Amino acid sequence: MANLPILQFEEKIVETVEKNPVVVIIGETGSGKSTQLSQILHRRGYTKSGVIAVTQPRRVAAVSVARRVAQELDVNLGEDVGYAIRFEDRTSSKTRIKYLTDGVLLRESLSNPMLDDYSVIILDEAHERSLNTDILLGLMKRLVRIRSSNFKVLITSATLDGDKVSEFFSGCPVLNVPGKLYPVEILYSKERPGSYIESSLNVAIDIHVREPEGDILIFMTGQDDIEKLVAKLEDKVRSIAEGSCMDAIIYPLHGSLPPEMQVRVFSPPPPNCRRFIVTTNIAETSLTVDGVVYVIDSGYVKQRQYNPSSGMYSLDVIQISKVQANQRAGRAGRTRPGKCYRLYPLAVFRDDFLDATVPEIQRTSLAGSVLYLKSLDLPDIDILKFDFLDAPSSESLEDALKQLYLIDAIDENGAITSIGRTMSGLPLEPSLSRTLIEANENGCLSQALTVVAMLSAETTLLPGRSKPNEKKRKHEESNLPDGSGFGDHIQLLQIFECWDRNNYDTQWCKENDLQVRGMVFVRDVRKQLCQIMQKLSRDRLEVGARGRKGSGRDGDYRKLRKALCVGNANQIAERMLRHNGYRTLTFKPHLMEVHPSSVLSTDNEGMMPNYVVFHELISTTRPFMRNVCAIEMSWVAPIKKKIEKLDVRKLSGGGSASSVKEHGEKTEVSENKSEETPAVSENVESRIEAARERFLARRKGQK
DNA sequence: GAGCACTGC
């Protein structure tokens, strides 16, 4: 601790914080900023007037840093030093230094907008620019203006972003704290390789044969490429003559790997053995692997983006930013001087790479955040002009408003409704919180709680891809319920009910190919939602997961599906005549299909339901709806009326009611009703036709 | 008949 670089800057930091309400700290890796800044200010008396809060983008970080600081101060965790993350609050009235995720701080500010328990708020890792951090930055800017002068905000950032943050906070001072990294030599390729898998392979083997010991960390974009490269590396390493160089172990590392496979990289290698770790950008920030001396950087990353005009997500391989490239290179210099092989030329880095990663706020749906800001009721803040470090596009904000309007969270003038207020108290995306509220009124809350909890953990439920033949076998043997033909939401409900009947047995999860971690998370979420709903409702609610009462004759799940329809009024698709392609009611027309993994079934003619709600639109090889549920036309009618009335300019608080209402939005929607949708090509039609025939053939075969 | 970067309330 004594040799942490940041401690040499203690006087300078204290002096600057004393004189300024906001200070930006550029703290390189290993500077000790996450553990020391709070302690320095604690020593200097800043905890006398309030608690020092330090936010982290990740839960594990909040916990581990808090634990570390408690150790250094020799106090019990949860007393003077504590942490708060979802499901776990380890703080007490004694707590002076509190580590928390930025999501938790946003929740706190909902019930206490002045955040006046805190004398200092440190936004750590702000350069990662998570959606939550960006909203907090905006809120902090407002807070320092309206709270007394002894309230302090510290923001830690990356070298390339510091001036921008300082400018945002009216030119506040920027302090540089050097890190404890060893120098890393950067080597550029002469040109972009045709295949970065091949190129990585060659570079890695070259290092292995020529360079002294030290592990190699290779950044790829995804599981597929990682598996390919791992296989090639194993081949090559085996073909190298025994004894001509040291041994080698090759590890893949990515998020869908089971935890026990992920932690293998933390155990030290056998002697005289070099480790090759082929990773996604999980090793860029979330996981730190010791012993790495060589980094190979493909220069690419896979990123999820949202298109507000189509309501569609896509997962694209894109070029990394300079900040990311430097972060990756830094992974080579943690234990001794290292080398970073960039598989792209210096000119590309210098001229093509963005300085910083496009912040999440500019590539995600903002419905939840806009509702959050609306619910804060800040008198001096206009939602569409909210002071963001990087503003989202007006298109994206308008999309959020439209969505919120359709699910009754805001009225036609853009003002938050009482439903919207209730929704913002639930830690869910808006469509899910709306579903819960509707379900509560329809008497199917218990089922909805389960569906919503399952959906918010959906990606962590199923294990990573298995080998094709192995998977086929498992699929056929699956004893899991099938949604009774109504679709994926119903299946998710039935799966959880099964698990409940099996007394939450972890073995049952394993037997049914469900990730234990994911299911346990669902249970936690469900429990948390139950508690919140109980608080909101004066009556005692029926929330048992088994839901035997009242659901006996409800074999068609009508109440639940209707609640889902209301909650997903912004995500309804209408089937086109004569084939199983769909289009949304609210977005620019695109042909979409039900994702093949869906359990939604067709009728006797092989046709899908006329109307479905979907949880997500994702464009991969084609646009797909993931997680769909059959709904009825009569439920959709009132929503269609509402869509016709929709007037975005009024929602965003501009223009008067009648004068604005012309074509624009309206024509777009009514055009959708014609049978010919622009995005439908013959090619797609015939593909769907073919799919339908295949389906019918398969069904006949089964009978 | 398709396919999953990473977080978080």
Side-chain angles (χ1 to χ4, degrees), chain A residues 55-62 84-89 100-110 125 128-133 135-136 219-227 253-257 279-287 298 300-305 313-318 320 324 357 360 363-364 368-369 371-372 423-430 432-433 453 456-466 468 471-472 475 515 521 524-525 528-529 532 580 593-599 616 618-626 687-688 690-695 698:
Chain A
T55 70
Q56 293 290 326
R58 281 170 292 281
R59 311 176 55 182
V60 275
I85 58 176
R86 189 179 189 176
F87 311 131
E88 201 183 355
D89 185 350
L100 69 178
T101 49
D102 38 23
V104 169
L105 186 59
L106 281 177
R107 286 281 134 195
E108 287 187 2
S109 111
L110 213 50
E125 316 289 3
E128 288 186 24
R129 302 295 304 279
S130 76
L131 178 58
N132 287 341
T133 310
I135 292 172
L136 280 175
F219 284 99
M220 303 302 267
T221 59
Q223 187 178 349
D224 262 353
D225 289 351
I226 289 173
E227 281 166 8
L253 182 60
H254 52 82
S256 42
L257 227 47
T279 180
T280 60
N281 60 337
I282 194 172
E284 202 177 284
T285 48
S286 305
L287 298 180
S298 63
Y300 291 101
V301 68
K302 220 179 257 188
Q303 212 172 61
R304 197 176 139 98
Q305 352 238 16
Y313 279 96
S314 60
L315 199 60
D316 306 315
V317 172
I318 60 157
I320 58 172
Q324 277 179 295
T357 314
E360 192 184 359
R363 46 186 173 84
T364 193
S369 300
L371 179 63
Y372 172 85
M423 285 168 62
S424 64
L426 289 158
L428 291 168
E429 48 188 291
L432 298 182
S433 38
S456 49
E458 198 253 340
T459 51
T460 56
L461 288 185
L462 300 168
R465 263 172 302 172
S466 41
K471 187 182 175 187
K472 205 175 178 185
H475 194 70
Q515 287 228 26
F521 179 73
D524 286 341
V525 172
Q528 184 190 27
L529 295 174
I532 298 173
N580 279 335
E593 296 168 53
V594 173
H595 196 276
S597 66
S598 174
V599 294
E616 182 182 61
I618 178 124
S619 176
T620 50
T621 50
R622 300 194 291 280
F624 289 109
M625 298 178 280
R626 284 188 65 236
R687 236 176 12 223
I688 291 176
R692 184 187 149 195
E693 274 162 21
R694 273 195 300 275
F695 174 83
R698 210 170 52 233

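All of these numbers come straight from a predicted model, not from anything done at the bench. Every chain is numbered from 1, with letters handed out A, B, ... down the list of sequences.
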Query raised in the report: Can A/N132 and A/S130 be counted as having a side-chain donor-acceptor contact under 3.5 angstrom?
Result: no
Checking contacts here: which listed nucleotide ([options]) is nearest the side-chain heavy atoms of [X]?
X      : options             : result
A/F624 : B/dC6, B/dC9, B/dA2 : B/dA2
A/I85  : B/dA5, B/dC9, B/dA2 : B/dC9
A/P427 : B/dT7, B/dC9, B/dA5 : B/dC9

Report task. Please name all residues satisfying side chain to side chain donor-acceptor pair (under 3.5 Å) with A/E360, sequence neighbours left out, ordered by chain then number. Result -> none
Query - By side chain to side chain donor-acceptor pair (under 3.5 Å) - contacts of A/Q528 (at least two apart) - result: A/R86
Nearest-Å distance for atom pair [atom1]/[atom2], residues [X] and [N]:
X      : N     : atom1 : atom2 : answer
A/E360 : B/dC9 : CD    : P     : 13 Å
A/R622 : B/dA2 : CZ    : C1'   : 8 Å
A/L428 : B/dG8 : CG    : P     : 16 Å
A/Q324 : B/dC6 : CD    : C1'   : 11 Å
A/E284 : B/dA5 : CD    : P     : 15 Å
A/Q223 : B/dC4 : CD    : P     : 10 Å
A/L100 : B/dC9 : CG    : C1'   : 12 Å
A/N580 : B/dA2 : CG    : P     : 15 Å

So, does [X] get its side chain near the phosphate of [N], meaning an N or O under 4.0 Å from OP1 or OP2?
X      : N     : value
A/R58  : B/dC6 : no
A/T101 : B/dC9 : yes
A/R59  : B/dC9 : yes

Look at all strands and tell whether [X] reaches a base, only sugar-phosphate, or nothing, counting heavy atoms closer than 4.0 Å.
X      : value
A/I282 : sugar-phosphate
A/S130 : nothing
A/N132 : nothing
A/V301 : nothing

Query raised in the report: Do A/R59 and A/V104 have side chains that get closer than 4.5 Å, going by heavy atoms?
Result: no
Report summary line: Between A/V60 and A/P596, the residue closer to the 5' end of DNA chain B by nearest nucleotide is A/P596
Query raised in the report: Salt bridge between A/R626 and A/E593, side-chain N to carboxylate O under 4.0 Å?
Result: no
